[in-house]
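The block underneath contains the structure these notes are about, expressed in structure tokens.
In this chain, numbering begins with 1 at the start of the sequence shown. FYI, side chains are in, hydrogens and waters are out, and symmetry mates aren't considered; it's all heavy atoms of this structure.
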Amino acid sequence: SGHFIYDLNLEPTGFTVIANPNVFLIFDADLNWTSFGVSNNDSGFNIFDLNNGWINYWVSNLKNGFNVYSLDLDWVGFVVG
């Protein structure tokens, strides 16, 4: 199981595959593995590219999903699952 990722225009941009409760893999709409998420131990996840660079973070929306924020604190998308 996993989540579906959307941009703010409601366009699907990818999905996740849960590796364990603290880690998930992120794939784009073309099925390419692009990044991974690691729990921040506070109802969210830090997202890293495959070179271990921090690229964004996900904050729980308290509705079984997340809001996606850039490192500049801009809301850039959302995740449902």
Legend entry - Ring centre gap for Phe36 and Phe48 strictly below 6.0 Å: yes

Legend entry - Pair Phe24 and Phe45, ring centroids less than 6.0 Å apart: yes

Inset, instruction - Could you tell me the separation between the NE2 atom of His3 and the CZ atom of Phe78, rounded to the nearest 0.5 Å? - result: 13.0 Å

Inset, instruction - Following the transitive rule for hydrophobic clusters with a side-chain heavy-atom cut-off under 4.5 Å over Ile, Leu, Val, Met, Phe, Trp and Tyr, establish whether Leu31 and Phe4 coincide in one cluster. - result: yes

Inset, instruction - Using the rule that two of Ile, Leu, Val, Met, Phe, Trp, Tyr join whenever any of their side-chain heavy atoms come within less than 4.5 Å, decide whether Val76 and Ile26 are in one cluster. - result: yes

Inset, instruction - Applying ring-ring contact (aromatic ring centres under 6.0 Å, His included), run through Phe27 and Phe15 and close with a yes or a no. - result: CA-CA 5 Å; Phe27 295 83; Phe15 63 94; 5.3 Å; yes

Inset, instruction - Check whether any side-chain N or O of Asn51 sits under 3.5 Å from a backbone N or O of Gly53 as a donor-acceptor pair, and report yes or no. - result: no

Inset, instruction - Determine whether Ile55 and Val23 fall in the same hydrophobic cluster, where Ile, Leu, Val, Met, Phe, Trp and Tyr are linked whenever their side-chain heavy atoms lie under 4.5 Å apart. - result: no

Inset, instruction - Please round to the nearest 0.5 Å and tell me the distance separating atom CG of Asn32 and atom CG of Leu50. - result: 10.0 Å

Legend entry - Separation of Ile5 CD1 from Asp7 CG (nearest 0.5 Å): 11.0 Å

Legend entry - Side chain proximity check, Asn40 to Tyr57, heavy atoms < 4.5 angstrom: no

Inset, instruction - Provide the closest heavy-atom pair for Trp54 versus Asn56 in the form atom of the first, atom of the second, distance. - result: NE1-O, 3.2 Å

Legend entry - Interatomic distance, Asn67 atom CG to Ser60 atom OG [nearest 0.5 angstrom]: 8.5 Å

Inset, instruction - Say whether, by atom type as modelled, one donor and one acceptor occur between the side chain of Ser39 and the main chain of Asn41 under 3.5 angstrom. - result: yes

Legend entry - Value rounded to 0.5 Å, distance of OH in Tyr69 from CG in Leu71: 13.5 Å

Inset, instruction - Using the rule that two of Ile, Leu, Val, Met, Phe, Trp, Tyr join whenever any of their side-chain heavy atoms come within less than 4.5 Å, decide whether Trp58 and Leu73 are in one cluster. - result: no

Legend entry - Nearest-0.5 Å distance that lies between atom OG in Ser43 and atom CG in Asn61: 11.0 Å

Legend entry - Passing candidate, side chain to side chain contact (heavy atoms under 4.5 Å, CB included) with Val68, options Val59, Val79, Ile47, Asp74: Val79

